[in-house]
Amino acid sequence: AWTTKASMPTARQTAAAGVINGVLYVVGGSDATSSTASKRANEAYDPVTDTWVAKAPDPIQNGAGQGVAYAGAGVIAGKLYVVGGCVSSDCIPGNTNTLEVYDPVADSWTTKAPMPTARNMVAVGVINGKLYVVGGEGTCGPCIPTSVLEVYDPSTDTWSSKAPMPTARAELTAGVVNGILYVIGGRTGGGESASVSVGTVEAYDPTTDTWTTRAAMPTPRQDATVGVVNGTIYVVGGFSASSGSVLNTVEAYNPIADAWTTKQAMPTARSFLSGGVVGGVLFAVGGNTASGLVATNEAFKP
């Protein structure tokens, strides 16, 4: 069920990622386990050839020549939308509201209307051509989780606010199935020292602008990655605040049955990893292990 693929050229964590035309793009991230010093790397992985290619780097967002870490990303009409994140060495007060769009055909970036609420460690989903950005850390020092949900419409280059998520969370993740945004896991609490990993699952319906609570994920965790394959949401890796350990756990959520099952564990336990699905295969890339950053690329076929 798991196989090892070509490693990403730049070892990093907290990178944004998205799949466009069968290619996985991994953008930005952090280059040290103890800080958020951002990498500008934009590297593209082709599963057909099992190779990586460097692309136009993430735009500089501060005087230190850094890109962005802890950002979210979604793909709309063949372009990668990278939103929010952190652009300082410690995220205090370096949260950004910048929205940058990468066009793989032109291999270039453009800047769009900024998100109303600057935040990092968000979850992102795309529904009907719109970018949904939920949760994250709004204010740092300490870093407080938020319940904010804001939606970007690329056709008008505008943002709108929607019903807030019931449970304020950061370091969370999300998957979209049949037009519903499922927001999974993350952490609550006021700052890393008070972090509590949760298995909370809340579903947002954009047609009614309402939230419902769904079956909780069996393993409470934060900093995981997600992939949707054939209507099932797979949650991979992450970090457990209760045990203080990185995880290799893989759990699958069936939205129709509102039920979870456990799958084969990922070979390399990691948190703050990135992921994407190509051809029904989930690729888990980079992240932070118990011994430091990795460029590991492992593929899961359900």
Side-chain angles (χ1 to χ4, degrees), residues 14-21 23-29 42 58-59 61 67-87 95-106 108-138 145-165 169-184 186 202-211 225-228 233 274-277:
T14 72
V19 173
I20 302 172
N21 295 329
V23 175
L24 174 64
Y25 295 85
V26 185
V27 177
N42 175 14
D58 183 33
Q61 289 198 29
V68 65
Y70 298 105
V75 174
I76 302 174
K79 297 179 181 180
L80 182 66
Y81 289 71
V82 179
V83 62
C86 179
V87 295
N95 286 348
T96 182
N97 61 353
T98 301
L99 173 62
E100 298 170 332
V101 182
Y102 175 69
D103 182 346
V105 176
S108 63
W109 291 85
T110 56
T111 300
K112 299 296 184 179
M115 179 170 59
T117 306
R119 47 199 163 122
N120 70 69
M121 298 184 180
V122 297
V124 174
V126 174
I127 303 174
N128 295 328
K130 295 181 180 180
L131 192 74
Y132 290 74
V133 186
V134 62
E137 292 179 343
T146 180
S147 59
V148 170
L149 171 60
E150 294 168 333
V151 182
Y152 175 74
D153 185 345
S155 67
T156 57
D157 191 29
T158 58
W159 288 87
S160 59
S161 296
K162 300 296 181 180
M165 178 171 56
R169 291 176 274 164
E171 303 178 48
L172 66 172
T173 192
V176 174
V177 178
N178 295 329
I180 303 296
L181 178 69
Y182 295 88
V183 184
I184 301 170
E202 292 165 335
Y204 176 75
D205 185 343
T207 62
T208 59
D209 190 29
T210 57
W211 290 87
T225 195
V226 154
V228 177
I233 302 173
S274 305
V277 174

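Just so you know, these numbers use all the heavy atoms, side chains as well, and skip hydrogens, waters and symmetry mates.
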Exercise. Would you say Arg169 and Met121 make side-chain contact, with heavy atoms under 4.5 Å?
Worked result: no
Exercise. Considering residues at least two apart in sequence or located in another chain, which fulfil the side chain to side chain contact (heavy atoms under 4.5 Å, CB included) criterion with Thr14?
Worked result: Ser30, Ala69, Tyr70, Phe272
Exercise. Is the side chain of Asp209 donor-acceptor paired with the backbone N or O of Ala163 at a distance under 3.5 Å, no angle test?
Worked result: yes
For this session: Could you list the residues that satisfy side-chain hydrogen bond (donor to acceptor under 3.5 Å, both in side chains) with Thr158, not counting sequence neighbours?
Result: Thr156
Problem set entry | Listed once per pair and sorted, the salt bridge (charged side-chain N to carboxylate O under 4.0 Å, His left out) pairs that draw on residues 113-129, sequence neighbours left out | Arg119-Glu150
Problem set entry | By ring-ring contact (aromatic ring centres under 6.0 Å, His included) - contacts of Tyr25 (at least two apart) | Tyr102
For this session: State whether the side chain of Asn95 and the backbone N or O of Gly138 hold a donor-acceptor pair below 3.5 Å, judged by distance alone.
Result: yes
Problem set entry | For Val228, side chain to side chain contact (heavy atoms under 4.5 Å, CB included) partners two or more places apart | Val177, Ile233
For this session: Not counting sequence neighbours, which residues clear side chain to side chain contact (heavy atoms under 4.5 Å, CB included) with Asn178? List them please.
Result: none
For this session: Using a 4.5 Å cut-off on heavy atoms from C-beta on, say whether the side chain of Val82 contacts that of Trp109.
Result: yes
Exercise. Just wondering, do Trp159 and Leu99 contact through their side chains at under 4.5 Å, heavy atoms?
Worked result: yes
Exercise. Do Asn97 side-chain atoms and Met115 backbone N/O form a donor-acceptor pair below 3.5 Å?
Worked result: yes
